[in-house]
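Here's the structure we're looking at; comments come further down.
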Protein chains: 2
Amino acid sequence: MTAALPPHSPADDAGNDAAGPAFSPLYQQIKTLIMRSLQEGEWKPGEVIPSEIELAARYRVSQGTVRKAIDELATENLVVRRQGKGTFVATHTEAQVKYRFLRLVPDGDAPPGPMERRYIDCRRLRAPAEVLRALDLRAGDPVLQVRRLLSFQGKPVVLDLIWLPAALFKGLTAERLSEYRGPLYALFEAEFGVRMIRAEEKVRAVAAPPADATLLDVAPGTPVLSVERRTLTYGDRPVELRQGLYNTASHYYRNELS
Amino acid sequence: MTAALPPHSPADDAGNDAAGPAFSPLYQQIKTLIMRSLQEGEWKPGEVIPSEIELAARYRVSQGTVRKAIDELATENLVVRRQGKGTFVATHTEAQVKYRFLRLVPDGDAPPGPMERRYIDCRRLRAPAEVLRALDLRAGDPVLQVRRLLSFQGKPVVLDLIWLPAALFKGLTAERLSEYRGPLYALFEAEFGVRMIRAEEKVRAVAAPPADATLLDVAPGTPVLSVERRTLTYGDRPVELRQGLYNTASHYYRNELS
DNA sequence: GAGTGGTCTAGACCACACT
DNA sequence: GTGTGGTCTAGACCACTCC
């Protein structure tokens, strides 16, 4: 139950061992251990994790050290602190962060408002080479291809082409997608145990191809944003590749620099 | 020299005063004081600030409290910590963060390489209403309008239209811009004492207008990224508005989500 | 009141840079 | 060696939440 720490337990280490190039502070090791428990599902999304005092006892370190570990997990959005209540495993379901990864904002800066999702299809097929590469898969590994359309106030705004490793999403069908109300990533974490942690996006301006233009209800050739997203789970393992086309006629892609 | 702290000095506050809604922890107050010194130029960009121990003595708090204040300043990129050397006021000159605000990356993920800046013109004129609003200026306040072209390997990639409050940039001319080698924001902080801290960007896909297309060396109507940036200095005061057109044929706008 | 996270302190020791 | 930031500890008290 109480995993002992290899290096840097409170009262060992006298002089660094020979050939020890990989030094890491205690709180980093604790962070890694907590992260492992998160990954293994010891605490599920939305649940509380043990209190700082309990974790300090479990790992045999001071509360301050656990605190620093949890601080980092909180700034990485893996965990949410709530004073007086505890620390909770982050979720894509909560209202505050429901659209954490969607940077599209309506022009007037009004809150996004309700969004309709229409799933066009969900097919199992052989992945193009570039998809294989982006998802770290091997030739022959099956993938799921999902297409969907997001609309705001009845107007289509985002057309997504999504690629998923089939091995991780067994039983995902167009029906199942259509039945589900709520963010895709909430479904993924609840039904398939796949948690989306962070993502990288490559944004370009392109001319809308005729077929896509029809779905987006714009003229073929209209400039639209192409947003290529690679989504990663624990340990930076890629688990989704998605190409989105955004109609930016009355919305924009918002970004903060610092 | 040693400014005394109004509330929450180490040994006062017994029971919250009546009508005291604006509680803020000590380290936040320290952070504010340090930020004020930065803003007032007590320590200039690139210089060391006093050590944690000195600051702790100056503000009459513990080193740990100063540390927490500086930690936040460091994560906001106002300050850079260097172990064994000290804490330094952040700069737009350092190589590591020279292109902190430029998210454009060449397709092959190769490092950006050298960049040529060509300043087209720098004019003083009356600002359009939307520029006034974005910069929090009053009708009649003069502004500078700068146009410039960024090229990579001889190919034009970014066309910027920049608006600046003339009051803050007295004496800025096209010649002065052209003579300067290095990032624009480095010039601003060195010559005009205006430090760019953070920015908000609105990204859209648009058809390149004919005149701009010529400068960017693309066909008129080509889809290009429109990047509208509002840049802020201390206290979130807006000091720049810029509209960039990015040719994303062989570059992309990179973003990280978390 | 009991339990949780949040703040603040004081002191010890480590890793790093300059001299 | 001296001074800097970085880690770790132990203990006190505060603010918030729920019973």
Side-chain angles (χ1 to χ4, degrees), chain A residues 5 7-17 20-34 43 47-75 78-90, chain B residues 5 7-17 20-34 43 47-75 78-90:
Chain A
L5 293 176
H8 273 267
S9 289
D12 65 307
D13 87 311
N16 273 334
D17 300 359
F23 164 82
S24 95
L26 234 197
Y27 75 88
Q28 282 288 359
Q29 302 174 36
I30 303 300
K31 182 184 166 189
T32 302
L33 291 176
I34 296 177
W43 316 300
E47 292 180 3
V48 262
I49 73 173
S51 75
E52 294 176 354
I53 293 176
E54 284 178 86
L55 289 172
R58 166 163 167 178
Y59 299 127
R60 301 171 163 284
V61 299
S62 79
Q63 184 182 353
T65 300
V66 169
R67 167 161 282 272
K68 190 154 186 187
I70 295 182
D71 275 347
E72 293 207 351
L73 294 173
T75 65
L78 291 183
V79 120
V80 177
R81 319 188 78 139
R82 270 179 256 173
Q83 184 173 140
K85 301 177 77 171
T87 301
F88 298 76
V89 182
Chain B
L5 292 176
H8 274 268
S9 289
D12 64 306
D13 86 311
N16 273 335
D17 299 359
F23 164 82
S24 97
L26 235 195
Y27 75 89
Q28 282 289 358
Q29 303 175 34
I30 304 300
K31 182 184 166 190
T32 302
L33 291 176
I34 297 177
W43 316 299
E47 292 180 4
V48 261
I49 74 174
S51 74
E52 294 176 352
I53 293 176
E54 285 178 86
L55 289 172
R58 165 164 170 178
Y59 298 127
R60 302 169 164 283
V61 298
S62 79
Q63 185 181 351
T65 300
V66 170
R67 167 161 281 272
K68 189 153 187 187
I70 295 181
D71 275 347
E72 292 207 351
L73 294 173
T75 65
L78 291 184
V79 119
V80 177
R81 320 189 77 139
R82 270 180 256 174
Q83 183 172 139
K85 301 176 79 172
T87 302
F88 298 76
V89 183

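The basis for the numbers below is simple: all heavy atoms, side chains too, and nothing from hydrogens, waters or symmetry mates. Residue numbers start from 1 in every chain, and the chains themselves are labelled A, B, ... in the order their sequence lines are given, proteins ahead of strands.
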Integer-rounded Å distance: [N] [atom2] and [X] [atom1]:
| X | N | atom1 | atom2 | answer |
| --- | --- | --- | --- | --- |
| Q28(A) | dT7(D) | CD | C1' | 11 Å |
| R67(A) | dT4(C) | CZ | P | 13 Å |
| I53(B) | dG3(D) | CD1 | C1' | 8 Å |
| I30(B) | dG6(C) | CD1 | P | 20 Å |
| E52(A) | dC8(D) | CD | C1' | 15 Å |
| Q63(A) | dT9(C) | CD | P | 17 Å |
| Y27(A) | dC13(C) | OH | P | 21 Å |
| K31(A) | dC8(D) | NZ | P | 13 Å |

Checklist entry - Given dC8(D), dT4(C), dG5(D), which nucleotide is nearest the side-chain atoms of E54(A)? => result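 For the E54(A) side chain, the nearest candidate turns out to be dT4(C).
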Checklist outcome for this item: Rounded to the nearest 0.5 angstrom, the CD1-OG1 distance for I70(B) and T75(B) is 12.0 Å
Item to check | Pairwise distance CG(L78(B)) to OG1(T87(B)) - rounded to 0.5 angstrom | outcome: 12.5 Å
Would you tell me if any nitrogen or oxygen in the side chain of [X] comes within less than 4.0 Å of OP1 or OP2 on [N]?
| X | N | result |
| --- | --- | --- |
| S51(A) | dT4(C) | yes |
| T87(A) | dG5(C) | yes |
| K68(A) | dT7(D) | yes |
| T65(B) | dT7(C) | no |

Between [X] and [Y], what is the shortest heavy-atom contact and its length?
| X | Y | answer |
| --- | --- | --- |
| W43(A) | I49(A) | CE3-CG2, 3.8 Å |
| V89(B) | V79(B) | CA-CG2, 4.3 Å |
| V48(A) | K85(A) | CG1-O, 4.4 Å |

Next on the checklist: My understanding is that only residues two or more places apart in sequence, or in another chain, count here; which of them pass side chain to side chain contact (heavy atoms under 4.5 Å, CB included) with S51(B)?
Outcome noted: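 By the side chain to side chain contact (heavy atoms under 4.5 Å, CB included) rule, S51(B) matches I53(B), E54(B).
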Checklist entry - With distance as the sole test, does Q29(A) use its side chain to make a donor-acceptor pair with the main-chain N or O of S24(A) at under 3.5 Å? => result yes
Next on the checklist: Give me the stems containing DNA chain C, sorted by first residue, counting only three or more consecutive Watson-Crick or G-U pairs with both distances under 3.5 Å; say none if there aren't any.
Outcome noted: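 Paired runs of 3+ in DNA chain C: C:1-18 with D:1-18.
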Item to check | Reference residue E52(A); test salt bridge (Lys or Arg N to Asp or Glu O under 4.0 Å); the match among R67(A), R58(A), K68(A) | outcome: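 By the salt bridge (Lys or Arg N to Asp or Glu O under 4.0 Å) criterion, E52(A) pairs with just one of R67(A), R58(A), K68(A): R67(A).
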Item to check | DNA chain C contacts made by residues 78-86 of chain B, counting heavy atoms under 4.0 Å | outcome: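 By residue number: Q83(B), G84(B), K85(B).
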Checklist entry - Can you check side-chain contact (heavy atoms from CB on, under 4.5 Å) on Y59(B) and I34(B), steps first, answer last? => result CA-CA 10 Å; Y59(B) 298 127; I34(B) 297 177; 3.9 Å; yes
